[in-house]
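Encoded as structure tokens, the structure appears first; notes follow it.
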Amino acid sequence: MHKNHPFHLVDVRPWPILGSFRALIIISGIIKWFHLSSSNLLFLGFLSIILIIYQWWRDITREGTFQGHHTLNVTLGLKWGIILFITSEVFFFISFFWGFFHNRLSPAIEIGILWPPKGIITFNPSQIPLLNTLILITSGLTVTWAHHSLIENNYKQALQGLLLTVILGIYFSILQGYEYFESSFTISDSAYGSSFFIATGFHGIHVIIGTTFLAICLYRHWKIHFSQIHHFGFEAAAWYWHFVDVVWLFLYISIYWWGSYLHSIIIIFNFQLKDLLK
């Protein structure tokens, strides 16, 4: 069918309505998991939503790569879409930081007016958190290297940069999982445990999503789906990954360093100073 305009009118597809129903199943599965300790419905919801995402992504890749529907005007709309999506994610994390800073700056009397609360052994920011910071900063450099290589039509270096970024993303997730496994506190240990695991946990989920996004871009680049002037799928993944990097820097500085470790050192120093002055 020939068109006399550069815009893409989306074809009728079942994925939006099916995705909505699957989201309902996931929420119902979470409720069933919480109240009945049964996760079978939740597992079914996650499995079905993964299948829907795969087919929806397949259709968008097909229409943009092989059918030529993603013209400059359509690509501009897609760019604004990903910009607004990342903006919404920024405000999503602002709510976590807001709660953490509120608890850090004015801890409630229920937790002894102390932050971190008594009995919480925080992570040393110079160990795994620092390593994870270096990993994400390096991954930001490698994804930028891949992007510039793609713009310069250097297929091999773009492939190498993307592969390194995916490996670093997987490595980060493994280290964070190990950190959770070795943690001396849980999400139910006062406001500190809730703030820590909610903020870092959601960031970890975003790292997994970003790694998956980049892995798909790696496969598409291997199949030569991208060119110098037509590679918005990769560009969106790179923007998302840079957003994940920046959020982690704020998490590391505020939660791992300033809000936990540094504050504990100051409290210990104050107690020692009081003992010396007695």
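In this chain, numbering begins with 1 at the start of the sequence shown. Computed over heavy atoms, backbone and side chain alike; hydrogens, waters and symmetry mates excluded.
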- hydrophobic_cluster_shared for Leu249 and Phe123, side chain cutoff 4.5 Å: no
- Message: On a heavy-atom basis, which atom in Trp241 and which in Gly140 lie closest, and how many Å separate them?
- Response: NE1-N, 4.2 Å
- Query: Is any side-chain heavy atom of Trp145 less than 4.5 Å from a side-chain heavy atom of Gln160?
  - Reply: yes
- Query: Which pair of heavy atoms, one from Leu175 and one from Ile128, lies closest together, and at what distance?
  - Reply: O-CG2, 4.1 Å
- Message: Walk me through whether Arg220 and Phe234 qualify under side-chain contact (heavy atoms from CB on, under 4.5 Å).
- Response: CA-CA 9 Å; Arg220 292 187 63 195; Phe234 170 74; over 6 Å; no
- Mind checking whether Val166 and Tyr54 sit in one hydrophobic cluster, side chains of I, L, V, M, F, W, Y counted as touching below 4.5 Å? no
- Item | pair His242-Thr144: side-chain heavy atoms closer than 4.5 Å | yes
- Out of curiosity, Leu163 CG to Leu168 CG, how far, rounded to the nearest 0.5 Å? 9.5 Å
- Message: Contact between Ser28 and Leu24 at the side-chain level, heavy atoms closer than 4.5 Å - yes or no?
- Response: yes
- Task: Could you go through the side-chain contact (heavy atoms from CB on, under 4.5 Å) check for Arg22 and Leu51 one step at a time?
- Result: CA-CA 10 Å; Arg22 294 309 182 271; Leu51 293 175; over 6 Å; no
- Run the numbers on Gln127 and Glu179 for side-chain contact (heavy atoms from CB on, under 4.5 Å), then give the verdict. CA-CA 10 Å; Gln127 295 176 350; Glu179 182 182 61; over 6 Å; no
- Item | Spacing of Ser39 atom OG and Ile30 atom CD1 [to the nearest 0.5 Å] | 11.5 Å
- Shortest non-hydrogen contact from Gln176 to Gly204? OE1-CA, 3.3 Å
- Quick one: CD1 on Ile60 to NE2 on His70, what's the gap to the nearest 0.5 Å? 6.5 Å
- Between Ser194 and Ile187, which heavy-atom pair has the shortest distance, and what is it? OG-O, 3.0 Å
Side-chain donor-acceptor pairs of residues 81-98 under 3.5 Å, sequence neighbours excluded:
unit_1	atom_1	unit_2	atom_2	d
Thr87	OG1	Ile83	O	2.8
Ser88	OG	Phe85	O	2.5
Glu89	OE1	His206	NE2	2.2
Ser95	OG	Phe92	O	2.5

- Query: Do Leu134 and Val247 share a hydrophobic cluster (ILVMFWY, side-chain heavy atoms under 4.5 Å, transitive)?
  - Reply: no
- Flag, side chain of Ser173 to backbone of Ile208, donor-acceptor distance under 3.5 Å: no
- Message: Please find the pair of heavy atoms, one from Ile170 and one from Thr211, that lie closest to each other, and give the distance.
- Response: CG1-CG2, 3.9 Å
- Item | Positive for ring-ring contact (aromatic ring centres under 6.0 Å, His included) with Phe213, one of Trp57, Phe243, Tyr219 | Trp57
- Message: Evaluate Trp248 against Tyr256 for ring-ring contact (aromatic ring centres under 6.0 Å, His included), listing each step before the verdict.
- Response: CA-CA 10 Å; Trp248 174 258; Tyr256 282 99; 5.5 Å; yes
- So how far is it from Ile255 CD1 to Tyr252 OH, rounded to the nearest 0.5 Å? 13.0 Å
- Message: I want to check something: taking the side chain as every heavy atom from C-beta on, are Tyr155 and Ile224 in contact at a cut-off of under 4.5 Å?
- Response: yes
- Item | Minimum side-chain heavy-atom gap His147-Ile151 below 4.5 Å | yes
- Establish whether Ile174 and Phe197 are linked, either directly or via other cluster members, by ILVMFWY side-chain heavy-atom contacts under 4.5 Å. yes
- Side chain to side chain, Tyr171 and Leu131, heavy atoms closer than 4.5 Å: yes
- Of Asn132, Thr138, Ile137, Thr133, the residue whose pairing with Ile135 passes side chain to side chain contact (heavy atoms under 4.5 Å, CB included): Asn132
- Within one Ile-Leu-Val-Met-Phe-Trp-Tyr cluster: Leu42 and Ile53, side-chain cutoff 4.5 Å: yes
- Enclosure of Trp33 CH2 (heavy-atom neighbours >12, cutoff 6.0 Å): no
- Would Tyr180 and Thr200 count as having a side-chain donor-acceptor pair, cut-off 3.5 Å? yes
- Message: Is the shortest side-chain heavy-atom distance between Val244 and Tyr240 below 4.5 Å?
- Response: yes
- Just by modelled atom types, is the Thr186 backbone N or O under 3.5 Å from a matching donor or acceptor in the Asp189 side chain? yes
- Item | Ring centre gap for Phe250 and His203 strictly below 6.0 Å | no
- Is the Phe226 ring parallel, tilted or perpendicular to the His221 ring (thresholds 30°, 60°)? parallel
- Item | Closest heavy-atom pair and its distance - Leu251, Ala199 | CD2-CB, 3.8 Å
- Message: Working to the nearest 0.5 angstrom, can you tell me the gap between Leu136 CG and Leu141 CG?
- Response: 11.0 Å
- Message: For Leu105, is the CG atom crowded, meaning more than 12 foreign heavy atoms sit under 6.0 Å from it?
- Response: yes
- Note on the structure: To the nearest 0.5 Å, atom OG of Ser183 lies from atom CZ of Phe196 at 6.0 Å
